[in-house]
Amino acid sequence: MTEHLHGTDGVRSLANLAILRGAVGTDRGYGVNPLRGQNNVQGASDMGALPDLLPGYGKVTDAAARSRAADVWGVPVPARPGLRIPGMFATARAGELRALWIVGEDVCATDPDADQVARALDACPFVVCNELFLSETARHADVVLPAASWLEKDGTFVNFDRRFQRVRPAVPPLGQARTDFDILRAVAEAMGAGLGCPTPADALAECGRLAPVFAGLSHDRLDREGSVPWPCHSPHGPGEAKLYTERFATPDGRAHLAAAPYLPPGEQPDDDYPLVLVTGRRWAHYNSGSMTRRGGNLALDPVDFLDLHSDDAGRYGLRDGQDVTVESRHGRARLVVRVGEQTAPGQVFCSFHFPTSGVNRLTSDITDTVTSCPEYKVTAVRVAAP
């Protein structure tokens with residue numbers, strides 16, 4: 001839903017429908033279910049891993065939010081938002097970004113217009129990666145720091161309905177691997193900027209001092225209760241599992257509908273590129289596949305298929321199981337055709353779990369006008385036998 005040029009408008013339209021239907025703040029069992037793409041994406045956003053927000057969603061342009069953060073951190077907070085990912089890569093290619101630290105993401109496999117991503121990494125003078133495996137992105141890095149997996153970490157995850165849950169190490173980290181928390185803390189200390197948070201429990205306590213919505217949360221409480229949703233303003237309060245039962249978080253307490261006229265996608269099919277490519281996930285793999293391609297999941301889904309409707313297969317003379325070349329206005333990839341009824345005529349689908357197929361060389365650098373989320377769901381392509 002979000003991976004479109006006007007994805008934000010699509011989300012606002014869904015919110016309009018939920019509000020008009022009375023499906024917000026009720027027990028009626030219907031509404032919009034906004035599942036996140038990976039575990040703890042919600043938690044990363046909650047903790048301020050966005051260029052314009054602080055923990056608890058305080059805006060960096062808000063003087064009061066900056067002042068509260070400065071009081072807790074002991075340093076001033078810049079008033080200007082940072083760069084989003086496409087902006088980082090563009091700035092790197094322009095020679096203006098001097099260092100880039102990538103934590104647990106294979107951007108060469110998952111980000112659009114992959115050739116331009118690789119150019120950005122090569123242009124940046126100093127690239128650091130925290131990784132479990134030597135991914136394609138890590139191969140472009142100057143320094144690779146061996147990271148621990150979630151099975152080896154201590155801390156919290158937050159799921160899509162805002163519930164904090166404890167994560168505890170099941171096994172010790174292998175070799176020289178360290179958790180991302182330990183890596184960040186060690187680098188900060190080496191640079192003379194100690195974080196003042198020796199443990200993940202201390203870090204959560206600090207977030208509670210900075211953002212009142214987390215004030216009632218702690219590792220001790222989660223160990224006792226299992227999970228607690230935020231907002232949770234008091235260690236003795238239950239946390240708010242359901243929001244907006246009485247009023248909305250607006251000055252007048254009322255919902256404000258957002259006008260969203262239809263606007264076309266960033267790309268359109270034409271005679272040269274007559275099909276629309278949609279990319280996404282397969283059930284057997286996880287994200288870039290850097291973990292699931294190294295285990296039994298690979299036997300369940302061993303290659304990257306291009307799902308093609310039987311009408312289109314007949315139109316272009318393609319057969320099931322055939323190797324094909326998929327070409328867009330941006331790049332080329334090699335895939336195996338799977339003919340069926342999984343897609344609509346005129347649409348093709350493939351995953352991005354197999355970086356060697358080059359799927360994200362096909363996708364454009366068009367991004368959502370508000371969030372800069374890439375338009376993975378609309379790429380004009382043509383398909384032919386090699």
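Quick note: numbers below take in every heavy atom, side chains included, and nothing from hydrogens, waters or symmetry partners.
With a 4.5 Å cut-off on side-chain heavy atoms, D154 and F181 do not count as touching. Between C124 and M88 there is no side-chain heavy-atom pair separated by less than 4.5 Å. Side-chain contact between P81 and T61: present, with at least one pair of heavy atoms (C-beta onward) separated by less than 4.5 Å. Side-chain contact between L306 and V326: present, with at least one pair of heavy atoms (C-beta onward) separated by less than 4.5 Å. The shortest side-chain heavy-atom distance between V348 and D312 does not fall under the 4.5 Å cut-off. Counting heavy atoms from C-beta outward, F214 and M47 have side chains that approach closer than 4.5 Å. Taking 4.5 Å as the limit, every side-chain heavy atom of V128 sits out of range of all side-chain heavy atoms of I102.
A donor and an acceptor atom, one from each side chain of E375 and T367, are nowhere located under 3.5 Å apart. For the residue pair Y262 / D9, no side-chain donor-acceptor distance below 3.5 Å is found, with atom types taken as modelled. No side-chain donor-acceptor contact under 3.5 Å links N16 and S13. When only modelled atom types and interatomic distance are considered, E341 and H309 share a side-chain donor-acceptor pair under 3.5 Å. For D106 and T137, the side-chain atoms include at least one donor-acceptor pair closer than 3.5 Å. No side-chain N or O of T292 forms a donor-acceptor pair with one of N297 less than 3.5 Å apart. No hydrogens or angles considered: a donor-acceptor pair under 3.5 Å links the side chains of H140 and D122.
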Report task. Under the side-chain contact (heavy atoms from CB on, under 4.5 Å) rule, what do L257 and R12 come out as? Steps first, then yes or no, please. Result -> CA-CA 8 Å; L257 302 180; R12 287 171 175 158; over 6 Å; no
Query raised in the report: Going through the checks in order, is the side-chain contact (heavy atoms from CB on, under 4.5 Å) test met by V276 and V378?
Result: CA-CA 6 Å; V276 173; V378 186; 4.3 Å; yes
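Take R163 and apply the salt bridge (charged side-chain N to carboxylate O under 4.0 Å, His left out) test, not counting sequence neighbours, and it matches D161.
Under a 4.0 Å N-O distance rule, the pair R282/D307 qualifies as a salt bridge. A salt bridge does not link D252 with R247: every distance from a Lys NZ or Arg NE/NH1/NH2 to an Asp or Glu carboxylate oxygen is 4.0 Å or more. A salt bridge does not link R334 with D304: none of the charged nitrogens is closer than 4.0 Å to a carboxylate oxygen.
Heavy atoms from other residues, nucleotides or ligands lying under 6.0 Å from CZ of R80 number 12 at most.
Within the structure, the ring pair (Phe, Tyr, Trp, His ring centres under 6.0 Å) test picks out the following pairs touching residues 325-372 (sequence neighbours left out): H285-H353, H285-F354. Applying the ring pair (Phe, Tyr, Trp, His ring centres under 6.0 Å) test to residues at least two apart or on different chains, none of the pairs has a partner in residues 62-111.
Looking at R361, R93, R332 one by one, the single match for salt bridge (Lys or Arg N to Asp or Glu O under 4.0 Å) with D115 turns out to be R361.
With R68 contributing its side chain and R209 its backbone, the two residues share no donor-acceptor pair below 3.5 Å.
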